[in-house]
Chemist: 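First the structure, then my questions, so here it is.
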Amino acid sequence: TEMLQQLISELQQQRRGWNPPALSAGALSVVRGDAGNLPLRAESVDAVHWGAAMHCVPDAEAGLREAMRVLRPGGKLYATTFLRPLPDLVFRFFTLPELEAMAYAAGFGRGDGAVVEVRRLGPVYGVLRVVKG
């Protein structure tokens, strides 16, 4: 946890110098929590970025259900992960059909404006992009 705390601290320091016009004060928050039990209210988040880490979470399905729970309608999830054929030795890797099925099982893909998209980047990297309907 010491390394995680250092990363959060560095990110917060870097954010102080950001001044993009689209971000008003307080519009971007860094939250530390369990992917399967996020410390956020339902439908309270505009976007979730789960970068290169789905394979690191013990229960990726629970993480996707939590993302679905906390995203507002129209909210977006952008997740990246490594794919098979990498072997499941330490981490669990996925196939594109698995990622898509997991997103639908979590509740994504329902309602007006809903989007579920999976694609491969290179030989072993996958992207899951969803918009909550």
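These numbers come from the heavy atoms of this one structure, side chains and all, not from hydrogens, waters or symmetry mates. Sequential numbering from 1 along the given sequence is applied to the chain's residues.
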Chemist: Has the side chain of Arg72 got a donor or acceptor atom that lies under 3.5 Å from a matching backbone atom of Ser44?
Modeler: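 Side chain of Arg72 to backbone of Ser44, a donor-acceptor pair under 3.5 Å: yes, one is there.
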
Chemist: Could you give me the CA-CA distance, side-chain angles and deciding distance for Phe82 and Tyr125, then say whether side chain to side chain contact (heavy atoms under 4.5 Å, CB included) is met?
Modeler: CA-CA 5 Å; Phe82 290 100; Tyr125 205 63; 3.8 Å; yes

Chemist: How far apart are the closest heavy atoms of Ala114 and Gly109, and which atoms are they?
Modeler: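 Shortest heavy-atom separation between Ala114 and Gly109 comes out as CB-C, 3.6 Å.
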
Chemist: Does some side-chain heavy atom of Val124 sit less than 4.5 Å from a side-chain heavy atom of Phe93?
Modeler: no

Chemist: What I'd like to find out is whether the side chain of Asp59 reaches to under 4.5 Å of the side chain of Arg65, using heavy atoms alone.
Modeler: yes

Chemist: Between CG of Leu83 and CE of Met54, what distance do you get to the nearest 0.5 Å?
Modeler: 10.0 Å

Chemist: Which pair of non-hydrogen atoms, one from Val57 and one from Ala35, has the smallest distance, and what is that distance?
Modeler: CG1-CB, 4.1 Å

Chemist: Rounded to the nearest 0.5 Å, how far apart are NZ of Lys76 and CG of Asp46?
Modeler: 9.5 Å

Chemist: Just say parallel, tilted or perpendicular for the rings of His49 and Tyr78, cut-offs at 30° and 60°.
Modeler: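 Plane angle under 30°, so parallel.
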
Chemist: List the atom of Ala67, the atom of Phe108, and the distance in Å for their closest heavy-atom pair.
Modeler: C-CZ, 4.0 Å

Chemist: Pair Leu38, Arg69 - check side chain to side chain contact (heavy atoms under 4.5 Å, CB included), show working.
Modeler: CA-CA 9 Å; Leu38 294 172; Arg69 182 185 69 79; 4.2 Å; yes

Chemist: Enter the distance from Arg84:CZ to Leu96:CG here, rounded to the nearest 0.5 Å.
Modeler: 11.5 Å

Chemist: Establish whether Val131 and Leu64 are linked, either directly or via other cluster members, by ILVMFWY side-chain heavy-atom contacts under 4.5 Å.
Modeler: no

Chemist: Of the non-hydrogen atoms in Gly33 and Pro39, which two are nearest, and what is the gap between them?
Modeler: CA-CD, 4.1 Å

Chemist: Show the nearest heavy-atom pair for residues Val130 and Ala103, with the distance to one decimal.
Modeler: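 Looks like CG1-CB, 4.3 Å.
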
Chemist: Any side-chain to backbone donor/acceptor pair from Arg129 onto Arg119? Under 3.5 Å, distance only.
Modeler: no

Chemist: Can you measure from CZ (Arg92) to CD (Glu61) and round to the nearest 0.5 angstrom?
Modeler: 4.0 Å

Chemist: Are Val115 and Leu71 co-members of a hydrophobic cluster defined by side-chain heavy atoms under 4.5 Å apart?
Modeler: no

